[in-house]
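The structure appears right after this line, and notes come after that.
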Amino acid sequence: MIPSLSRAAFFACLALAPLASAAPQPLTIEIQADRPGAAIAPTLYGAFFEDINFGADGGLSAELVKNGSFEFTDPIMGWGKIESAGAVGGISIRTNEPRYRNNPTHARIIVRQTGEGFGLRNEGYRGIGVKQGERHRFSADFRLVDGPPRTLRIELVDPKNQVLATAKIDLTSKTWTRLETELIPTATEPKAQLRILTDQPGAFDIEAVSLMPVSTWKIRRNGLRADLVQLLADLKPGFLRFPGGCIVEGRTLPSRYQWKNTIGPVEERKLTINRWNVEFANRGRGAADYFQSFRLGFFEYFELCEDIGAEPLPIINCGMACQYNSGECVPLDELAPYIQDALDLIEFANGPVTSEWGRRRAEMGHAAPFGLKTLGIGNEQWGPLYFERYEKFSAALRARHPEIRLVASAGPGAENEHFKFAWEKIRAMRDRPEIVDEHCYAKPEWFLNNTRRYDDYDRTSPKVFMGEYAARTDTPNTWETALAEAAFMIGMERNADIVTMTAYAPLFAHADAWQWTPNLIWFDNLRVYRTPNYHVQQLFSLNRGDNLLPVKITSASLAENGQPRLYATASYAQQSGEIILKIVNATNLATPATISIPGRSTTPIEARIITLSSADLSAQNSFEAPNTLSPHEQRVPLTSPSFSHTIPAFSFVILRIPAAP
Ligand code: AHR
């Protein structure tokens, strides 16, 4: 369970939920199946990934060694000396005669007396999670400096120093050599440590230390954590936005995300500090050991998109650092290298293998293009400075790549002055972006009060990408937040002619190392669980129809406080031949409804009803109780074009009703 910050604040918030008291009158939901409306974009429900909350290093990247390259600001962070009884020696940090040009720092182990063993230990990311019987590949670069060839002992130990796995490596070469061995733990342990020990005097250098489970997602060598990718894949996202978020911007321009530094051999990807290392240090959520190794880099992001069938949506820095931090801006006449990065990225994704960047992609093992269609220019930028830069990017990209759709930012708020300025500016543009990225983190009431937000949007404007949103309460990821998001999503789906992309944010959080709440998926070194918000996202995504169908809710459809008693949207799914009706009941009263589909045949059929509900708005899932909230499905026979179903209090209900097109 994620820590509760303030129960009092939570219950204050709960009181604002639309509660009804009188016995509910039945209402009628009529679906006009003979009047198919706008197409629903396959990208409507996507996912947002950012390396926040140890989402990449220590998360999606399956690498278990922290600071394996000794490149952190404190090069020995994550490492410790093992000096058993009678041992004398030291560890020095060096950069001369490096193994890797971009990450030159390495460690020298100097042993004068071995005693019962001398060496190094690594603590991993809040420990190293290992599973009994699973193969783990240890590898590192070594160089013998002084003394005879030696055998090193590589071990995994539990917090009491009980050995879980051991293997040997022979160190014979005086030039840098990559050596590897396998470790198979005898027990499962979430907080293991890695030990590298010698029992002979002398000296050797060590660099780029790695420990990876062999069973990564698709068994790739520089692979991803399979259980985390599986949950992402199970969302069936229409697109995957990467690499963020604020991480695109950097606190300063030099620390911005630069995709070219994230491809090629992993050991040569230049490590940088992660902006979330310090961002919330003043709120007690700093993480001094948070860096970006880029083991999960742009090649891996594109490959991941392909694996899970999601359209890639990279966001590129637009020549501005985060406006909440330094706000550094590249002068307009010095923007060319930034624009070139965008052009080269398109070539990296889509170019032929004969092109410079297409060749780099092919060298990494993917000769076929990745099929990039959409590119975001800047993350959460605002004001005239942004649009001056956006227009420069747009002019250059349109000239070379008119086939690429562009996403412009509407800033960090969903209705503030930056937001209004952005939309006015965009509407006035001669060459508008195809899509506008809106962001919204707000209380559940905001989401309930804004289910009609898009009903009045100008239909001639660019399409909307609700690119980051989440309902926030002091206690994160409660049913209350997920239900409010579901009501808001009904409103987005109903307006699928204008809203074509949406993503909850952020996606992942390490329960022992987070900076931001709420998040869609929580994990630790060995476990993972889906939040109620995850179930809502997944239900929308798996139950997306192809075309909207008009829905009319009649009779006494407002609760006592003026809020709708039910929110509903309907669509038709061609492939399965079903009407999909989604209903949210955000009140505390079960509501009987007559669902009518005029003109539907009377042939007996079976409908599927999927329900996600809880009477307890404060309910959460957790590692210990991962299924407190999870959907359940029932099948009901239907014989007439109209039938009754009671929509439970505080519920999200989906009905899939077979119907001829
Ligand atoms: O999702 C977390 C952060 O929220 C993102 O990095 C940023 O774009 C937004 O402010």
Side-chain angles (χ1 to χ4, degrees), residues 2 46-57 59-60 232 237 239-252 255-257 272-283 285-287 290 292 296 301 313-318 320-327 375-383 386 390 407-416 418-419 422 435-443 446-447 464-473 476-477 481 485 501-510 513-522 531 533-534 537:
I2 303 309
F48 162 100
F49 180 85
E50 173 163 15
D51 188 3
I52 185 173
N53 303 315
F54 285 66
D57 287 310
L60 210 46
L232 171 58
F239 66 89
L240 179 67
R241 168 182 170 162
F242 57 87
C246 290
I247 209 147
V248 172
E249 306 166 44
R251 290 169 63 82
T252 59
S255 63
R256 73 190 184 279
Y257 197 99
T272 61
I273 190 165
N274 186 307
R275 65 163 295 140
W276 300 105
N277 181 311
V278 287
E279 191 66 40
F280 292 141
N282 59 354
R283 299 185 199 173
R285 298 306 315 174
Y290 202 0
Q292 291 181 273
L296 172 54
Y301 282 124
L313 173 56
I315 307 289
I316 195 143
N317 185 289
C318 65
M320 295 175 81
C322 181
Q323 288 163 279
Y324 287 120
N325 301 136
S326 70
L375 180 64
I377 310 301
N379 173 43
E380 235 173 30
Q381 264 65 54
W382 67 77
Y386 170 60
Y390 172 84
V407 181
S409 164
E415 49 195 8
N416 61 13
H418 299 315
F419 177 85
I435 305 157
V436 176
D437 179 13
E438 303 187 345
H439 291 184
C440 182
Y441 297 98
K443 288 192 178 359
W446 186 92
F447 288 93
V464 172
F465 170 27
M466 180 41 99
E468 292 184 28
Y469 70 93
R472 299 186 91 168
T473 47
N477 297 114
T481 62
E485 287 154 10
M501 303 175 92
T502 65
Y504 182 98
L507 187 58
F508 287 115
H510 193 306
W514 56 272
Q515 292 76 51
W516 177 286
T517 61
N519 301 287
L520 203 61
I521 298 169
W522 288 86
T531 58
N533 316 72
Y534 176 98
Q537 291 293 321

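Read the numbers this way: they start at 1 and go in the same order the structure lists the ligands and their atoms. For the numbers below, each heavy atom of this structure counts, side chains included, while hydrogens, waters and symmetry mates do not.
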Derivation of the ring pair (Phe, Tyr, Trp, His ring centres under 6.0 Å) call for Trp514 and Phe508: CA-CA 9 Å; Trp514 56 272; Phe508 287 115; over 10 Å; no
Restricting to heavy atoms, the pick from Tyr441, Trp276, Phe48 nearest atom 1 (O) of ligand 1 would be Tyr441
Take the angle between the ring planes of His418 and Trp382 and call it parallel below 30°, perpendicular above 60°, tilted in between. parallel
Please could you name the atoms of ligand 1 that Cys246 approaches to less than 4.0 Å, counting only its heavy atoms? 5 (C), 6 (O), 7 (C), 8 (O), 10 (O)
To check your reading of the model: name the closest protein heavy atom to atom 10 (O) of ligand 1, its residue, and the distance in Å. Glu380 OE1, 2.9 Å
So if I count the atoms of ligand 1 from 1 in the order they appear, which ones are less than 4.0 Å from some heavy atom of Pro506? 1 (O), 2 (C)
Classify the contact between Ile247 and ligand 1 as side chain, backbone, both or neither, using a heavy-atom distance cut-off of under 4.0 Å. neither
Applying side-chain hydrogen bond (donor to acceptor under 3.5 Å, both in side chains) to Glu279 and not counting sequence neighbours gives Arg251, Arg275, Asn325
Under the side-chain hydrogen bond (donor to acceptor under 3.5 Å, both in side chains) rule, collect the residues that match up with Glu50, sequence neighbours excluded. Trp276
Does Tyr290 have its ring centroid less than 6.0 Å away from the ring centroid of Phe54? yes
Full working for side-chain contact (heavy atoms from CB on, under 4.5 Å) between Cys440 and Glu468: CA-CA 6 Å; Cys440 182; Glu468 292 184 28; over 6 Å; no
Taking distance alone, with no angle check, do Trp516 and ligand 1 share an N/O pair under 3.5 Å? no
Would a line drawn from the ring center of Phe242 to the ring center of Tyr301 be shorter than 6.0 Å? yes
The atoms of ligand 1 lying under 4.0 Å from a heavy atom of Gly245, numbered in the order shown, are 5 (C), 6 (O), 8 (O)
For atom 8 (O) of ligand 1, what's the nearest protein heavy-atom neighbour? Residue, atom name and distance, please. Glu468 OE2, 2.6 Å
Return the closest protein heavy atom for atom 6 (O) of ligand 1 as residue, atom name and distance. Glu50 OE1, 2.5 Å
